[in-house]
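Heads up: numbering here begins at 1 and tracks the sequence.
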Amino acid sequence: MLSPDEFREKYPAEDLEAELPDSPIGSLRDLQYLYGKLYTLATTGGGEYAPYLTPDAAGDLIDTDNSLIVVRIDVSGDKPQLAADLDPVLVTRYTDDLVQQVGHCKYAAAAGIDHSVTHQAGRNSDPEKLARYAKERLTKWAVDEVVTEAADNHSDGWIIERLAEVGEDESALETIEERITQKLGGESATSLLTVQVKTESDGGYQWPGDLDVFNEAMRQRKLSKLVTKNKANDSSGDATDLVTGLPARTVGTSEDPQNYFLGKQLEKFPGLDIEEAWRSHPISEDAAITVMNAETFVEACTYRTFGAKVYYLPYVFGRLAADKVHRLYELLYQAVEEEETTPIENAYKRERDKTIEEQDFRFYVSAVMPHQMSRYDVFGETLNGRLHYPKQLAITHNQFVETVSAFDRDHYTDWTAPLPTNQNWGLLETNDEQLHAVSTGWYFRQTFAERDDDEADADDPRIEALVSVLSGQPIAVDVLLEEYVSRIIDDEGDDEEYEGFPSFLVASQFAQLCVLADEDLNLLQTADPSKDQITQQPSYDTSIMPSLDEIPIADGGHPAAPKLESFIDETPALSPGHDDDPDSMTSQRRGAFLLGALVGDIGSYQEYSEDRSTTLVDQYPVKSITRSRIKKVTQETIAKTLTYTRQEKKQQGNYPGTKADHIVDRLRDTILNPDPEDWEIETDDLRFYYALGVTYGMNDHPWNRDETDANESTTEENL
């Protein structure tokens, strides 16, 4: 395949534009046609038969020993025969300069000869099998029904007829077998098998690619498969080609790089009559062949995640100007050459310095769940994918956890930030792999409920979320909350094997939720008005937040009170300032958060000051929190708080106020009206914000107890 520089040199702007469709990309078929055209130009070049060749099929044989076996036939005399003036069998190396000349056209079916007279043997075939394949160039391919019909209609058809005559000569066939066995010395080989033909007594032996009749027979044989595949007898007819818009003979059972429009896809075409498939999906013969040639580029722009194949296919938006198509070819070539990175990352490296106005590319995005070799489920499909969304999501996430007061310890000199951070958690620290995480789906694998990828299905929320981000479509808040809570409960473990509270997981989920709510990305949605506040972007300070030391505390209150107040006020899902809607669940959600914060705070006190192995955090895991239980849990937690308050007063004398009173006072105000028995908040909503509160409370302490404890917890959670 030509490098981008070689491609530009061979196809300057004027020449390239002459090869391109006149209309812009408007469908997946248009995109595949453009890919197929570029691939053909870059491999077999232009010309009538170039799209029919399959140069990649035997690409791994290039420059390998015994990779090309040639039978030489002399048809220049009255009686056709094996070459007498040269060795009738040549065993040599298949090289780059022979790709065009052997004219190989692979037929993908396991049983059957290739479309071209040149045939590819299986890997490490023994000499006997290779000899059989070599003889079949004369005994099988030359007498194939489609090939003989093509020969009948071609002025040089007699050449193929003479080949068939040699195939009837038993002594010639024995000679072929003996020579091949002798030349291979009994060793197996992976080879292409073909012929060279001498048609003039004073001429040389010509390759199949140099003889039009061989090319035409190859072409007709390949076309025949476009109308008979999938048990169709003749799925062809005259219609308007959906790619070119011109009248043409259209075919109904052509191959598809994505197995998307095959006749077997009955769910795509309900009630499809395979014989009439050319009507429901009319594509001309030449366009069908060009589309098939898109496979190399299509597969290069594909990656697997969550048991599905994700297609992220770049294309030029608008007019197919040569300069843009040259850049597109660079992207496709890079995708073929670099297997370690996703096409999204490659595109970003190429296009990151361009402004939105300068970005000419769009992306076809879909996720495909293969069930059989030729039957896929396609979902999440769009032609309007933009590099902007995965790239900006990665950038926004890094900026968010680095700068906002909710995660940034630099805002606080003596007290912890509201939520913990840790360099071992990819969503809690900035990192250079964030775009890779987003584009591969790892971004959601870290926070969503875990599943067995071997049993993944089209309804996997992780895939839906990934495709949504790639295509710029919002994700439903309900899906996130359900997935988040399910993962938290799983990570907490069951009653017998409690694994500790996953505070870093919850902090990661919350960071993700906040970033998806970014007003520029707008990747969150809900149809439930009670969850509108969750879709709103938090307004945490980034650089002007005063430290706690700078905030005057006139009445000697708890030093963490201003932090709690600002965190709640700046989180729309919790803030009293977002309670204008009487149906809002904000106050109930805030109540769940404050209860969690108190449980986390007291649980942390029990662990570090009381040296208790079982704390309130263990006693009230997330899965135990329901609307019917929250009042009882609140009463028991406050009672425990008062117990520790009295205990500390005895130990310290004049203890100021109630322990954790900055939480208790707000909790009392919030939890009483309305009474929790009248709450309407949904369980996942309730549990997630309770879990967020627990995370907050566990992390709400002076810095003198910070990093060592946090690191120890991280290590335990990662085990």
Side-chain angles (χ1 to χ4, degrees), residues 1-2 6 10 39-76 80 82-83 85-107 113-121 130 133-138 141-142 144 147 150-151 154-160 162-163 166 176 179-180 183 189-200 202-222 289 293 296:
M1 185 184 303
L2 298 177
E6 292 170 334
K10 186 170 182 178
Y39 174 78
T40 300
L41 292 174
T43 53
T44 56
E48 182 180 4
Y49 299 110
Y52 292 81
L53 304 181
T54 53
D56 282 346
D60 58 346
L61 302 185
I62 297 288
D63 287 329
T64 60
D65 290 338
N66 303 329
S67 53
L68 182 62
I69 299 175
V70 186
V71 177
R72 289 171 169 147
I73 307 294
D74 184 352
V75 299
S76 62
L82 291 180
D85 51 347
L86 285 176
D87 193 332
V89 173
L90 170 67
V91 178
T92 185
R93 284 178 164 236
Y94 177 51
T95 55
D96 278 324
D97 60 328
L98 291 176
V99 171
Q100 291 275 8
Q101 291 178 297
V102 301
H104 182 220
C105 181
K106 178 74 176 174
Y107 178 42
I113 57 176
D114 287 345
H115 300 306
S116 54
V117 67
T118 302
H119 179 77
Q120 185 174 1
L130 291 171
Y133 290 147
K135 291 185 290 185
E136 286 179 351
R137 306 305 88 217
L138 314 177
W141 185 86
D144 176 83
V147 172
H154 196 284
S155 59
D156 289 334
W158 61 273
I159 298 175
I160 293 177
R162 294 294 179 88
L163 251 61
V166 177
I176 292 172
R179 292 298 181 93
I180 290 177
K183 286 178 179 291
T190 306
S191 311
L192 285 176
L193 301 108
T194 190
V195 298
Q196 277 187 301
V197 182
K198 181 179 179 179
T199 59
E200 302 290 341
D202 57 349
Y205 287 84
Q206 300 179 74
W207 294 97
D210 297 328
L211 292 167
D212 187 78
V213 66
F214 281 95
N215 286 324
E216 182 59 24
M218 172 271 292
R219 178 176 181 272
Q220 292 300 328
R221 185 169 158 72
K222 187 164 186 173
I289 294 296
N293 289 339
T296 297

So do the side chains of [X] and [Y] get within less than 4.5 Å of each other, counting heavy atoms only?
X	Y	value
Lys222	Ile289	yes
Asp156	Asp212	no
Ile73	Leu138	yes
Asp60	Ile62	no
Met218	Leu53	yes
Gln206	Val197	no
Ile159	Phe214	yes

Distance in Å, [X] [atom1] paired with [Y] [atom2], rounded so as to fall on 0.5 Å steps:
X	Y	atom1	atom2	value
Leu192	His104	CG	NE2	5.5 Å
Trp141	His119	CH2	NE2	13.0 Å
Asn66	Lys183	CG	NZ	10.5 Å

Please check if the side chain of [X] supplies one atom and the backbone of [Y] the other of a donor-acceptor pair under 3.5 Å.
X	Y	result
Arg72	Ala83	no
Thr92	Leu68	no
Gln120	Ala57	yes
Asp63	Arg93	no
Ser67	Tyr94	yes
Asp74	Leu82	no
Arg137	Val117	yes
Ser116	Thr118	yes

We want to know whether [X] and [Y] form a side-chain donor-acceptor pair, criterion being a heavy-atom distance below 3.5 angstrom.
X	Y	answer
Gln100	Thr44	no
Asp85	Tyr205	yes
Tyr52	Arg219	yes
Glu216	Tyr49	yes

Measure up the His115 and Tyr107 rings against each other and bin them: parallel (under 30°), tilted (30 to 60°), perpendicular (over 60°).
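Tilted, since the angle between the ring planes falls between 30° and 60°.
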| said: Assess the residue pair Ile69 and Tyr133 against the criterion (side-chain contact (heavy atoms from CB on, under 4.5 Å)); give the C-alpha distance rounded to whole Å, side-chain angles, the decisive distance to 0.1 Å, and a yes or no. | reply: CA-CA 10 Å; Ile69 299 175; Tyr133 290 147; over 6 Å; no
query: Step by step, would you call Val147 with Gln220 a side-chain contact (heavy atoms from CB on, under 4.5 Å)?
result: CA-CA 7 Å; Val147 172; Gln220 292 300 328; over 6 Å; no
Under a 4.0 Å N-O cut-off, is there an ion pair linking Asp144 with Arg221?
yes
Under 4.0 Å between a side-chain nitrogen and a carboxylate oxygen: does that hold for Asp56 and Lys106?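 Between Lys106 and Asp56 there is no salt bridge, as every charged N stays at least 4.0 Å from the carboxylate O atoms.
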ask   = Taking it one step at a time, do Val213 and Trp158 satisfy side-chain contact (heavy atoms from CB on, under 4.5 Å)?
value = CA-CA 9 Å; Val213 66; Trp158 61 273; over 6 Å; no
Atom of [X], atom of [Y] and distance for their closest heavy-atom approach:
X	Y	answer
Asp114	Cys105	CB-O, 3.4 Å
Val99	Val102	O-CG2, 3.6 Å
Ala134	Ile176	CB-CG2, 4.1 Å
Ala121	Leu130	CB-CD2, 3.6 Å
Leu2	Lys10	CD1-CD, 3.7 Å
Asn215	Pro208	OD1-O, 4.1 Å

